[in-house]
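Everything quoted here is computed from the prediction, not taken from an experiment.
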Amino acid sequence: MKQPIQQKGVAAVEFAILLPMLLLIAFGITEFGRAMYTYNTLVKATRDAARYAMEKQPGGVADAGTQCMAVYGKEACNPGTDVPLAPGLTTAMVSICDWPRCPGTHQSQGSAPAINLVTVTITGYAFQSFVPFVTADLSSIPFAPISTTMRGNL
């Protein structure tokens with residue numbers, strides 16, 4: 001009678017071989033989800049800031065409030081103590097464009113236009129990964145400029 005082949009521990013060896021690949025996939029999925037969540041947060045932040053600027057502008061009257069709205073989600077901010085909506089986001093990354101500042105793209109209709117366009121843009125933001133080995137040699141992934149343009153009556 002033949003002796004049965006010993007197969008003790010084969011499943012553990014197979015699991016040990018596949019575990020790094022499974023962890024890489026799991027961390028990759030979570031980091032991709034975090035990146036999409038952060039991008040969506042920035043899009044909503046520019047939308048809220050553009051809506052705020054549409055109410056308070058034109059002419060740079062509420063630039064500080066608009067930048068605070070984009071970065072911290074509120075009109076008045078204290079950069080030392082307030083937590084930004086996305087890690088690493090600063091007011092220096094927020095630019096505001098309306099008819100007095102950007103006449104080429106936000107056409108003015110005479111000296112006092114009836115319609116005002118306001119664009120709020122976040123540029124230079126880089127997503128910081130919690131797990132840098134998932135993103136190869138990139139510890140941060142730069143986002144393209146994120147902007148929202150709104151139109152309103154003056």
Side-chain angles (χ1 to χ4, degrees), residues 15-154:
F15 180 71
I17 292 171
L18 291 177
L19 182 63
M21 189 182 324
L22 291 174
L23 286 175
L24 186 68
I25 291 170
F27 282 127
I29 290 170
T30 57
E31 286 302 292
F32 180 74
R34 280 189 61 247
M36 292 301 295
Y37 177 80
T38 302
Y39 183 82
N40 191 36
T41 299
L42 295 175
V43 168
K44 288 181 179 182
T46 59
R47 191 176 304 139
D48 291 343
R51 188 174 295 116
Y52 173 82
M54 185 58 60
E55 293 174 4
K56 305 293 182 181
Q57 297 287 70
V61 175
D63 284 354
T66 302
Q67 289 177 330
C68 286
M69 185 67 73
V71 175
Y72 301 104
K74 55 186 183 175
E75 182 178 350
C77 60
N78 184 357
T81 58
D82 291 342
V83 178
L85 296 172
L89 184 62
T90 63
T91 55
M93 296 176 183
V94 179
S95 62
I96 305 157
C97 192
D98 59 359
W99 66 270
R101 286 179 270 200
C102 304
T105 56
H106 294 65
Q107 296 285 330
S108 65
Q109 302 163 353
S111 60
I115 296 176
N116 185 27
L117 293 178
V118 174
T119 301
V120 176
T121 305
I122 295 176
T123 55
Y125 182 80
F127 171 74
Q128 301 294 323
S129 175
F130 281 154
V131 190
F133 70 84
V134 173
T135 56
D137 291 335
L138 301 171
S139 61
S140 64
I141 302 168
F143 284 168
I146 301 167
S147 67
T148 299
T149 301
M150 288 201 174
R151 177 185 65 167
N153 297 336
L154 290 176

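- In terms of heavy-atom proximity, Thr121 sits nearest to Pro145 at CG2-CB, 4.1 Å.
- If you take CG on Leu19 and CG on Leu24, they are separated by 11.0 Å, rounding to the nearest 0.5 Å.
- Note that the CZ atom of Arg151 and the OG1 atom of Thr149 stand 11.5 Å from one another [nearest 0.5 Å].
- Distance check: Met150 CE to Arg51 CZ gives 4.0 Å after rounding to the nearest 0.5 Å.
- Judged by distance alone, with hydrogens and angles left aside, the side-chain atoms of Tyr52 form no donor-acceptor pair with the main-chain N or O of Cys68 at under 3.5 Å.
- A cation-pi arrangement is absent between Arg34 and Phe127 under the rule of less than 6.0 angstrom and at most 45 degrees off the ring axis.
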Report the C-alpha distance between Thr66 and Asp63 in whole Å, list the side-chain angles of each, state the deciding distance to 0.1 Å, and finish with yes or no for side-chain hydrogen bond (donor to acceptor under 3.5 Å, both in side chains). CA-CA 5 Å; Thr66 302; Asp63 284 354; 5.2 Å; no
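- With a 4.5 Å cut-off on side-chain heavy atoms, Ile122 and Leu89 count as touching.
- Not one N or O on the side chain of Asn40 forms a donor-acceptor pair closer than 3.5 Å with the backbone of Met36.
- If you take CG on Asp82 and NZ on Lys74, they are separated by 3.5 Å, rounding to the nearest 0.5 Å.
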Give the C-alpha distance, both sets of side-chain angles, the deciding distance and a yes or no for side chain to side chain contact (heavy atoms under 4.5 Å, CB included) between Gln128 and Ile141. CA-CA 7 Å; Gln128 301 294 323; Ile141 302 168; over 6 Å; no
Please determine whether side chain to side chain contact (heavy atoms under 4.5 Å, CB included) holds for the pair Ile146 and Phe143, giving the CA-CA distance in whole Å, both sets of side-chain angles, and the decisive distance to 0.1 Å. CA-CA 8 Å; Ile146 301 167; Phe143 284 168; 4.3 Å; yes
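- Contact check for Val120 versus Thr148: no side-chain heavy atoms found under the 4.5 Å cut-off.
- Taking both residues in full, the closest heavy atoms of Thr119 and Ser147 are given as CG2-CB, 4.1 Å, listed atom of the first, atom of the second, then distance.
- Nearest heavy-atom pair across Ser129 and Glu31 is OG-OE1, 2.9 Å.
- Considering all non-hydrogen atoms of both residues, Thr38 and Ala86 come closest at CG2-CB, 4.0 Å.
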Show your reasoning for whether side chain to side chain contact (heavy atoms under 4.5 Å, CB included) applies to Thr90 and Val71. CA-CA 6 Å; Thr90 63; Val71 175; 5.8 Å; no
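- The closest donor-acceptor contact from the side chain of Gln67 to the backbone of Ser95 lies at 3.5 Å or more, if one exists at all.
- Side-chain atoms of Leu42 and Tyr125, non-hydrogen and from C-beta on, do get closer than 4.5 Å to each other.
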